[in-house]
Structures are given as C-alpha cells and as structure tokens.
Amino acid sequence: MAIFQKRKRAEHRFEHVGALQSPPGFDELITVSAGPSGPVALWADATARSDIEAHFESLGSASFPETRTSSRPQVALCAYRSASMAPAHAVVLEELPIAHPLIQELPNEDFLVVGARCAWRPEGPERNALIVGHDGAVVHEGTLGDGIEHMLVDDSGGIWVGYFDEGIFGNFGWGSPGPEPLGSAGIVRWSPMFEKLWEYEAIDDYWLADCYALNVDSDRVWACPYTDFPILEIASDQATARATTDVSGPRALLIAGEKVALMGDYKFGGSLLLGNLDNLSRLKKSEIGMPDGRRMPPGTLVCRGSVAHFFVDADWFTFDLARAI
C-alpha cells in the first residue's frame, strides 16, 4: 500500500509585483538583479544568448563557463522603478565582451556589468568589469577577479562582491601560475573605479571558503558564508560575527532590526528559518512559497535589508521580513 506524505503548507508567501517589460528588439532576459532603486536587467536577442552563456569542455569532459563572448553581441541595459514595469532608464551596449554577466546600477545611473568568471593570463588579467554611461558607451574597464557569486552596489556606489570557492582559492590561472586571487578574502568592497577599498579578514577563526548569502542594506552589509555559516555583520568596514547557525547552505539572508531570516538550502527550495540575531541557535523552521501556494521554482534571489527580491524569468516577486513578523 502506497503511503503519501502531505506537504507542509507554506506559512509565508512572496507577493507578485509585476513582469519586467523588455525593451524593443531585445526579448531574451539574460540576467536580472535588484539595485538600491529597483530591479536592473540585461536583455539580448535570441541569437546572442548561447554566446553570452557559453561553456567549453576541458580534458576529461568537464564543463567550464567561458569568460568572454566570441561575437561581441549587442545588449540592452535597463533599470526599473517600483511604479512601472517598463524600463525607467535604458541604454544599448553595442558590444558585450564578457560572458555570464551580472548587473547593477550606480547612484549616478551608470550601469555596472561584471563577468562572473575571469581568467589570468601571462599578459595580464582579463577585464571583466565595465561601467556603461548614459549613452551606452563604456566609460571605464577593470578587473574584479574570478568566481563572483554576488555583486551588489550600496547607496554610496561601493561595489560589494562575494566570491565562491574558485574565486577564493584560484582557477583560470589565478593562484597558479598567476597571482593570489583577487577574491581570496571571500568578500571585497570595490570603488566605482575598481580600486579595492576593503576586504574581509578572518575573525573568531571564521575563514570564508564560499560566500553563500550576501545582503547589502543602506548602512551595513550582512553575509552567511561557508564553512561554519556564521552571520557576519559589516558596518563602517568592521566585520562582526554574530554567531554560528545550524543551517545547510542558505541562499539568502534577510535582516529586520534584530530579526533574521535564512532562505533556501543546498537544494535552493523554499525553506525559511526565522529567529533573532541574539539567539541563532533557536531558529524556527518554516516555509515560503509563491502567491498561489506553489513551491518556489528556480529563479534569481537578491536580498537588500528586510526585502527579498525573487525573479522567475521576468516576473518580479518580493517578500518583506519586516511585514511578515
């Protein structure tokens, strides 16, 4: 006799804000994030997607992402505001040289486009970071390193980057035969001119091997990194470890005053752990789902302060911890 276990009903739900509209001529959403003022997205046409998201096979048939595009496709960069799903500000970048891009908007409304992967070569490192001005021209190029998991801009224009293991320990030439990876600290703050302003130094023996969750708020930054998954608070370039957590691979972190929520796990999913920053050993297990009760599908999850922005293709959903507790 078959035994069926009833799935626990999601106690919390995302709210659907709307669907981001694509600019004319660009119907493929390549990457999307949440900046200080709202969503920001990079669009292309259908023929460009395979080039921007290309992989290559190495010896042994292992697959790795390309770091550069081959055809230099044309793309559109769009910033959105909460009042409308149409782009409030958009420019066309005639040639995108970097593959697997991440995107943010700077306070002056320039766009920041950064490739998640970056190779070091004997002639020098690739430039995987671009500042794109109001006319679509690249006004500055630089290098932020390889293995970028998170990239968020704060209210003053500081660029916070969280790196995964390959960006910390080295790959694509970094570490051997090249120099120490730029992301070896795990979390780095860069200037809009791509100068390293601050990097994490291990506190209380918490070394970073992978920055799983990163939250950039108006006045501080929060992170939950592998291996011990402590909650780190960074304020005025000073890191403090609040405590370790009993979690497994959280994908997002929300803060509302002294309240905390950890979302997802190694399998992504809709798990939600709620509690207080002063007592992380007693996080309450819960679940978060979509507005209609469905489980969370694959998507892009970006956290700022108490608000989680969840993008499923062009559909934009939010969950505000401050309103849920």
Side-chain angles (χ1 to χ4, degrees), residues 13-45 49 52-53 75-93 96 100-116 130-134 136 148-162 192 213-218 221 251-254 263-264 268 288 290-291 296-323:
R13 306 285 179 89
F14 280 97
E15 294 182 2
H16 186 228
V17 183
L20 305 180
Q21 296 178 20
S22 62
F26 300 90
D27 54 2
E28 293 286 321
L29 180 60
I30 303 300
T31 187
V32 62
S33 188
S37 300
V40 58
L42 185 152
W43 300 80
D45 61 30
R49 177 180 285 278
I52 297 171
E53 299 177 346
V75 297
L77 313 177
C78 299
Y80 299 82
R81 304 293 181 256
S82 299
S84 173
M85 296 302 102
H89 171 50
V91 299
V92 173
L93 177 61
L96 177 69
H100 302 278
L102 304 171
I103 186 170
Q104 282 282 282
E105 185 185 17
L106 294 169
N108 65 355
E109 295 189 343
D110 284 351
F111 288 98
L112 170 64
V113 184
V114 176
L130 310 174
I131 301 292
V132 181
H134 293 204
I148 295 177
E149 181 74 25
H150 307 280
M151 190 267 291
L152 293 170
V153 170
D154 63 27
D155 290 351
S156 65
I159 303 165
W160 290 88
V161 178
L214 185 70
N215 180 321
V216 176
D217 202 356
S218 58
V221 171
R251 294 297 173 178
L253 166 68
L254 294 174
M263 303 176 67
F268 192 74
I288 186 168
M290 302 306 285
M296 288 176 63
T300 300
L301 192 55
V302 182
C303 293
R304 288 186 172 273
S306 67
V307 180
H309 302 266
F310 184 46
F311 301 95
V312 181
D313 297 322
D315 279 297
W316 175 25
F317 303 85
T318 60
F319 170 74
D320 190 345
L321 178 63
R323 294 171 53 191

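In what follows, every heavy atom counts, from backbone to side chain, and hydrogens, waters and symmetry copies are set aside.
- When atom types are taken as modelled, the side chain of Asp217 and the backbone of Val221 share no donor-acceptor pair closer than 3.5 angstrom.
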Practice problem: Test side chain to side chain contact (heavy atoms under 4.5 Å, CB included) on Val132 and His134 and set out the steps. | Solution: CA-CA 7 Å; Val132 181; His134 293 204; over 6 Å; no
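- Screening residues 76-89 for salt bridge (Lys or Arg N to Asp or Glu O under 4.0 Å) gives Arg81-Glu105, Arg81-Glu109 as the qualifying pairs, with residues at least two apart or on separate chains.
- Atom CG of Asp320 is separated from atom CZ of Phe14 by 11.5 Å, given to the nearest 0.5 angstrom.
- Rounded to the nearest 0.5 Å, atoms CD1 (Ile52) and NE2 (His100) are 10.0 Å apart.
- Atom-to-atom distance recorded for Met263:CE and Met296:CE is 5.0 Å, nearest 0.5 angstrom.
- Side chain to side chain, Trp160 and His150 fail the donor-acceptor criterion of an N or O pair below 3.5 Å.
- Not a single side-chain hydrogen bond (donor to acceptor under 3.5 Å, both in side chains) links Ser37 to another residue, sequence neighbours left out.
- Nearest heavy atom pair, residue Ala44 against residue Ile30, reads CB-CG1, 3.9 Å.
- Between the CZ atom in Arg251 and the CG atom in Leu214 there is a gap of 13.5 Å [rounded to 0.5 Å].
- Ile148 and Gly115 make their closest contact through CD1-O, 3.9 Å (heavy atoms, listed as atom of the first residue, atom of the second, distance).
- Shown here for Leu152 and Cys303, the closest heavy-atom pair between the two residues is CD1-O, 4.1 Å.
- Note on residues 300-318: no pairs pass salt bridge (Lys or Arg N to Asp or Glu O under 4.0 Å), not counting sequence neighbours.
- The list of salt bridge (Lys or Arg N to Asp or Glu O under 4.0 Å) pairs with a residue in residues 14-28, not counting sequence neighbours, reads Glu15-Arg323, Glu28-Arg49.
- Residues satisfying the side-chain contact (heavy atoms from CB on, under 4.5 Å) criterion with Val312, sequence neighbours excluded, are Met290, Pro297, Phe310, Phe317.
- Going from atom CG of Leu42 over to atom CG of Leu29 covers 8.5 Å, rounded to the nearest 0.5 Å.
- Val40 has its side chain out of reach of Val32: every pair of non-hydrogen atoms, C-beta onward, lies at least 4.5 Å apart.
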Practice problem: Kindly indicate, with the supporting measurements, whether the criterion side chain to side chain contact (heavy atoms under 4.5 Å, CB included) is fulfilled by Phe111 and Ile131. | Solution: CA-CA 6 Å; Phe111 288 98; Ile131 301 292; over 6 Å; no
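- Considering CG of Leu254 and CZ of Phe319, their distance stands at 6.5 Å, rounded to 0.5 Å.
- The two atoms that bring Pro101 and Val113 nearest to each other are CB-CG1, 3.9 Å, heavy atoms only.
- Within the 4.5 Å cutoff, the side chain of Pro291 has no heavy atoms near those of the Arg13 side chain.
- When every heavy atom of Pro87 is checked against every heavy atom of Tyr80, the shortest pair comes out as N-CE2, 3.5 Å.
- For the pair Ala34 and Phe311, the tightest heavy-atom approach, listed with the atom from each and the gap, is N-CE1, 4.4 Å.
- Asn215 places a side-chain N or O within 3.5 Å of a backbone atom of Leu253 that can act as its donor or acceptor partner.
- Not counting sequence neighbours, the partners of Val153 by the side-chain contact (heavy atoms from CB on, under 4.5 Å) test are Gln104, Leu106, Pro107, Leu112, Ile159.
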